[in-house]
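Here's the structure, in structure tokens; my notes come after.
Keep in mind that the numbers below use all heavy atoms, side chains included, and drop hydrogens, waters and symmetry copies. Since the structure is predicted, the reported quantities are computational estimates derived from the model, not experimental observations.
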Amino acid sequence: MTTGADVRDILELGGTESENIGTINKKDIINSDKKKSKKSSETLTFKRPEGMHREVYALLYSDKKDAPPLLPSDTTQGYRTVKAKLGSKKVRPWKWMPFTNPARKDGAMFYHWRRAAEEGKDYPFARFNKTVQIPIYSEQEYQMYLHDDAWTKAETDHLFDLSRRFDLRFVVIHDRYDHQQFKKRSVEDLKERYYHICAKLANIRATPGTDLKIPVFDAGHERRRKEQLERLYNRTPEQVAEEEYLIQELRKIEARKKEREKRTQDLQKLITAADTTTEQRRAERKAPKKKLPQKKETEKPAVPETAGIKFPDFKSAGVTLRSQRMKLPSSVGQKKIKALEQMLMELGVDLSPMPTEEIVQMFNELRSDLVLLYELKQAFANCEYELQMLRHRYEALAKAGSTGPSTDGGSHADGQSGLCTEESKGDAKEQIIDVVGAPLTPNSRKRRESASSSSSVKKVKKP
């Protein structure tokens with residue numbers, strides 16, 4: 001037989017006032033959570049891990065070491081569950097009572113459990129019984145305004161009766177439509193007839209001076225839409241693969257076009273930077289020598305960021321080394337750095353000169369000009385290669401468009417024949433539309449150059 005000490009051990013009730021009595025009261029049961037929380041708060045200690053911010057740790061645990069809520073709550077108890085209040089109120093009685101649904105017209109009786117205080121009240125879900133207001137027309141209105149040679153009055157009445165029964169669910173209406181007694185109609189035909197009558201009745205019954213919201217249904221557009229969907233659904237796998245291929249090719253063409261536009265903008269920036277640097281050098285030469293170099297730096301015109309190298313300005317307080325101003329910024333890539341070192345070695349310039357005020361300024365300007373020269377050479381090489389590609393493409397198109405090789409084309413090296421050929425070349429160039437071209441790597445460029453040279457050699461060898 002269990003004793004009071006066993007019950008206290010099971011419920012983890014240690015040192016209560018009822019130890020000597022051996023009975024458990026309501027106070028022990030209600031206050032058991034508080035005693036447990038005190039014991040757990042005394043024994044468990046949470047420490048913030050090293051390296052974790054205080055705000056992040058506060059999101060993990062609160063002051064009471066509870067987990068954060070999953071959803072926001074606006075109750076006074078927070079996100080914690082409300083404790084049961086024992087013995088505070090009486091249980092509300094429930095009864096098994098009948099009810100009727102106002103949406104049903106057959107008077108069916110149903111039963112469910114409900115509170116006794118709600119006996120005799122309406123069904124709570126009756127407010128969701130919404131019906132569509134279907135217009136009703138008279139015989140005179142039909143004969144004067146709604147008459148149609150393709151529709152009889154009996155067929156129109158049957159359509160409106162089904163619309164009232166099935167709440168304008170036209171797919172169901174088309175399924176339940178009497179196609180044997182009346183003419184076979186499509187869903188679009190039923191919709192067009194119904195909304196045409198609704199628009200007519202709204203215009204007739206509207207008071208003058210009021211804004212009408214007349215429903216409009218475009219049956220032709222709906223038929224074309226469904227026809228297009230049917231064609232899309234009935235495509236063969238070959239057609240789907242061809243469409244995907246065309247989409248990929250279109251994306252490639254757009255990417256090449258964007259790449260070409262970007263290269264054009266970069267080239268324009270480089271040309272602008274070169275012109276700005278030249279004007280800046282001329283202004284420095286014409287300026288009097290009495291001005292300090294710092295004032296010269298402030299009076300320099302704004303140079304684009306792509307012009308050579310933009311060295312950072314050291315404006316922080318304290319002592320700094322002039323050699324820090326000679327350090328290349330991180331924006332310069334390794335390829336440019338190696339090319340810059342190679343050009344400096346070819347010019348016989350020391351890579352790390354004595355960092356005096358004048359040497360630092362002139363050395364930075366020299367490297368900036370060399371990088372700008374390197375970028376201009378690259379842009380020039382790209383333009384030359386693209387021009388060569390277009391020339392080869394033009395020659396191929398010109399040969400393909402010609403009817404046959406001319407017998408005396410090679411005998412005239414100058415004169416009017418040469419002018420005519422140049423004019424014909426200009427006309428053929430205007431006919432070329434696609435000059436986008438894929439971006440090529442140096443290896444592919446070499447391969448294409450070798451292929452073009454080999455093809456030209458073959459053409460020369462031919463009689």
Modelled atom types, side-chain donor and acceptor of Q228 and Y233, under 3.5 Å: no
Is the shortest side-chain N to carboxylate O distance from E375 to K336 below 4.0 Å? yes
So does E230 have more than 12 non-hydrogen atoms from other groups sitting under 6.0 Å from CD? no
Given F217 and H196, is the ring pair (Phe, Tyr, Trp, His ring centres under 6.0 Å) satisfied, shown in steps? CA-CA 8 Å; F217 176 73; H196 176 71; over 10 Å; no
For a quick check under 3.5 Å, do Y137 and D157 share a side-chain donor-acceptor pair by atom type? yes
Does H112 have more than 12 heavy atoms from other residues, nucleotides or ligands lying within 6.0 Å of its NE2? yes
So, R193 side chain and L190 main chain: donor-acceptor pair closer than 3.5 Å or not? no
Under 3.5 Å donor-acceptor, R256 side chain and I253 backbone: no
If the threshold is 4.0 Å, N to carboxylate O, is there a salt bridge linking K258 and E254? no
For the pair Y177 and W151, name the ring-plane relationship: parallel under 30°, tilted 30 to 60°, perpendicular over 60°. perpendicular
For the pair H179 (side chain) and H174 (backbone), establish whether a donor and an acceptor sit closer than 3.5 Å, ignoring hydrogens and angles. yes
Residues E222 and R225 bridged, charged N to O under 4.0 Å: yes
For the pair R260 and E386, find out whether any cationic side-chain nitrogen is under 4.0 Å from an anionic carboxylate oxygen. yes
Is it true that atom NZ of K226 has more than 12 heavy atoms of other residues, nucleotides or ligands lying nearer than 6.0 Å? yes
Using a strict threshold of under 4.0 Å (side-chain N to carboxylate O), is an ion pair present between R223 and D189? yes
Is there a donor in the side chain of R367 and an acceptor in the side chain of N364, or the other way round, less than 3.5 Å apart? yes
